[in-house]
Amino acid sequence: MKRSILALVLILSASLSDAKVQHVCDEVFLQVSLTDPTEDQKPIKRSPVVIPSVSLEGHNLIFATSCDGCILRLLNEDGDVEYMVVITDETTSLTLPSYLSGEYELQIVRGCYCFYGYINL
């Protein structure tokens, strides 16, 4: 009886210790602000703003929520735009250029809202 329990424990521990590859993604914590409120845009809605959920894995941005038609910008330490792209429909991930390195402010602009956070490439 003891041998069968020991064998069962060994089998279970061997199967649980199986090396599984997990991708490590760092969540990008975004805040929201208004873009230029003097621009002629649609009125601001009274309902809460849904902040996009974005993760970073190396140079890959992964969108957990839709950002279709939004503008993505990366600003360097001086506040200059180093990279800008329009996020196309049904985009779930976006590979950033490999020449980008250092700390950047990531901005996702949707209408009159700018969602921003900081990433390190």
Side-chain angles (χ1 to χ4, degrees):
M1 181 73 171
K2 289 181 183 178
R3 287 185 182 173
S4 61
I5 292 175
L6 181 61
L8 181 62
V9 169
L10 288 174
I11 291 171
L12 286 175
S13 65
S15 66
L16 292 176
S17 67
D18 205 10
K20 294 182 181 179
V21 177
Q22 292 184 350
H23 295 285
V24 178
C25 298
D26 295 324
E27 184 175 352
V28 179
F29 297 101
L30 298 176
Q31 298 175 347
V32 64
S33 69
L34 291 174
T35 57
D36 188 0
T38 61
E39 289 183 17
D40 186 28
Q41 295 182 351
K42 296 178 184 176
I44 298 172
K45 297 179 182 178
R46 293 180 184 233
S47 60
V49 178
V50 178
I51 297 175
S53 179
V54 180
S55 299
L56 180 69
E57 181 182 349
H59 273 69
N60 294 324
L61 281 175
I62 301 153
F63 301 101
T65 55
S66 175
C67 292
D68 294 350
C70 296
I71 298 171
L72 180 126
R73 298 187 292 213
L74 292 180
L75 283 66
N76 62 17
E77 294 172 349
D78 299 326
D80 298 327
V81 177
E82 278 200 35
Y83 180 73
M84 185 170 78
V85 67
V86 175
I87 302 170
T88 58
D89 292 344
E90 300 179 17
T91 298
T92 57
S93 67
L94 180 71
T95 302
L96 300 173
S98 60
Y99 65 82
L100 296 171
S101 68
E103 187 172 343
Y104 292 94
E105 180 180 338
L106 174 116
Q107 294 182 346
I108 297 174
V109 179
R110 180 192 308 146
C112 62
Y113 297 107
C114 177
F115 306 98
Y116 64 95
Y118 298 92
I119 60 172
N120 206 352
L121 299 174

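How far CD1 of I119 is from CG of L96: 5.5 Å, rounded to the nearest 0.5 Å. Going from atom CG of L56 over to atom OH of Y118 covers 15.5 Å, rounded to the nearest 0.5 Å. Rounding to the nearest 0.5 Å gives a distance of 12.5 Å between CZ of R110 and CG of L72. Separating the CG atom in L121 from the CG atom in L74 is a distance of 7.0 Å, to the nearest 0.5 Å. Of the inter-residue distances, the one linking L30 atom CG with C114 atom SG reads 9.5 Å to the nearest 0.5 angstrom. With values rounded to the nearest 0.5 angstrom, F115 atom CZ is found 7.0 Å from C70 atom SG.
Under the 4.5 Å side-chain heavy-atom criterion for Ile, Leu, Val, Met, Phe, Trp and Tyr, Y99 and L61 are members of the same hydrophobic cluster. Cluster annotation: V54 and L100 are assigned to the same hydrophobic cluster (Ile/Leu/Val/Met/Phe/Trp/Tyr, side-chain heavy-atom contacts under 4.5 Å, transitive).
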Report all side-chain donor-acceptor pairs from residues 102-109 shorter than 3.5 Å, counting only partners two or more places apart or in another chain.
unit_1	atom_1	unit_2	atom_2	d
Y104	OH	E82	OE1	3.3
Y104	OH	S101	N	3.4
Y104	OH	S101	O	3.2
E105	OE2	Q107	NE2	3.0
Q107	OE1	R73	NE	2.9
Q107	OE1	R73	NH2	2.8

Donor-acceptor contacts under 3.5 Å from residues 83-92 side chains, at least two apart:
unit_1	atom_1	unit_2	atom_2	d
T88	OG1	T91	OG1	2.8
T91	OG1	T88	O	2.8

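By the side-chain contact (heavy atoms from CB on, under 4.5 Å) test, T65 pairs with P52, S53, sequence neighbours left out. For S55, there are no side chain to side chain donor-acceptor pair (under 3.5 Å) partners two or more places apart in sequence or in a different chain.
Remark: the T95 side chain and the N60 side chain contain an N/O donor-acceptor pair separated by less than 3.5 Å.
Grouped by direct or indirect side-chain proximity (heavy atoms under 4.5 Å, Ile/Leu/Val/Met/Phe/Trp/Tyr only), F29 sits alone.
V32 places none of its side-chain heavy atoms less than 4.5 Å from the side chain of Y116.
A donor-acceptor pair is defined here as one N or O able to donate and one able to accept, closer than 3.5 Å; such a pair exists between the side chain of N76 and the backbone of D78.
When all heavy atoms are compared, the tightest approach of H59 to P97 is CD2-O, 3.1 Å.
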